[in-house]
**Q** 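Shown below is the structure under consideration.
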Amino acid sequence: MTLLRLFLLAVLVVAVVIAAGWYVLVPRWPTPGGPDAVAESNATLKDANGQPLVVTIWQPRELKGPAPLVLYSPGWGGTRTQSRAQVENLASNGFVVVGVDDYASDRAADPDKGASFELLTEAQTEESMRRAARHVTTQGNRIVEVLAALRDGQLPDLANRIALDRVGVLGMSIGGPSGLAAASKDPHIVAVYNLDGGLFGAAARRIGVPNYLLMSSREAFPSDAELASPDAFTRNYAQVSALDIPHNSLRMERPHGYWAQIPAAGHNDLADGLFQMPRRPPIRTNFERTDINEAIARTQVAFFRSALLRDDAALRALLGRSDQTLRWISPSSPPPGTATARQ
């Protein structure tokens, strides 16, 4: 074999390796899994004081009303497009999703000026929890204002085309407890799907909404080693996480309360962070991303169909059926090796 042929063979092998790596490792945006094409638009609503509320609407392109309505609230300082893959999938399955920014996304309007969680000392941790409780109340009010504006007909294109009597909230991180706070103020909010959000504030800890599903990341169940870690941030973060375990367990003992975990997922993987190349290990494959995304998508569609349309078939088919990606949590027995909550 000539040197030229050896060179060409080496180039071909390198090209194949690069192409395979690109296919397997470089994140690819998922296609919505439902039968409907999705339309996206933006609008500006007004709250009770006349202040603007900019929203994004995802809906089936051929909307057949009245369609079930889900309100989306992102994480702390996040924007309404933080979980675009998930809301697009809901819209492709017949839901209308209206997303609003977290109020702290506008730093000028944020009374805490961008401060969120500071956990390096016990004093910082206590103040952060008080700040989080205030945040949940404020964002919860924002969600209620969006629903009130929709009820007032501020989106004429959706008038009489969305169901406003049974409404759901999809909340990422602190958007989850904000949805619980909103449900405590507006009885038409009957379902909250909480993406790994801590239960900050009294309304969130009560989990009084009639239908509740918590999707947890691997961070939900800290180990005893983490709870006793000499590193202050690790220890305080673990202790804050552990405080929610008994409240969530009690809610699972009441009707229409569900708890699942994706052990391989970090907190940001439960939003569009799943489709970003991580800066540090673990480096996951697109096959793993697909499995995580589809597990979230299936539970969201099934949960909201059950809560908003009273169609329990898909949710009943999923409940208790753990697999390599998703684990259903029993209220009486958290996953082996996890810490008991300390209060």
**Q** Are V70 and Y72 packed together at the side-chain level, in the sense that at least one heavy-atom pair is separated by less than 4.5 angstrom?
**A** no
**Q** As an exercise, state the distance from CG of L214 to CG of N194, rounded to the nearest 0.5 Å.
**A** 5.0 Å
**Q** Using 30° and 60° as the class boundaries, would you call the ring planes of H256 and Y258 parallel, tilted or perpendicular?
**A** perpendicular
**Q** Check whether any side-chain heavy atom of L71 lies under 4.5 Å from a side-chain heavy atom of V100, and answer yes or no.
**A** no
**Q** Has E118 got more than 12 heavy atoms of other residues, nucleotides or ligands less than 6.0 Å from its CD?
**A** yes
**Q** What I want to check is whether the side chains of D112 and H135 have a donor and an acceptor closer together than 3.5 Å.
**A** no
**Q** Mind checking what makes salt bridge (charged side-chain N to carboxylate O under 4.0 Å, His left out) contact with D101, not counting sequence neighbours?
**A** R80
**Q** How close do W58 and T81 get, counting heavy atoms only, and between which atoms?
**A** CZ2-CG2, 4.2 Å
**Q** By the side chain to side chain donor-acceptor pair (under 3.5 Å) test, which pairs, at least two apart or in different chains, include something from residues 158-184?
**A** S173-H267
**Q** Scan for salt bridge (Lys or Arg N to Asp or Glu O under 4.0 Å) pairs involving residues 44-68, sequence neighbours excluded, and state none if there are none.
**A** none
**Q** Side chains of S249 and W259: does their closest heavy-atom pair fall under 4.5 Å?
**A** yes
**Q** Between D36 and S92, does any side-chain donor sit less than 3.5 Å from a side-chain acceptor?
**A** no
**Q** Using the side chain to side chain donor-acceptor pair (under 3.5 Å) rule, take T299 and Y193 through it: C-alpha gap first, then chi angles, then the decisive distance, then the call.
**A** CA-CA 9 Å; T299 58; Y193 188 113; 2.7 Å; yes
**Q** Tell me if the centroids of the rings in F303 and Y212 come within less than 6.0 Å of each other.
**A** no
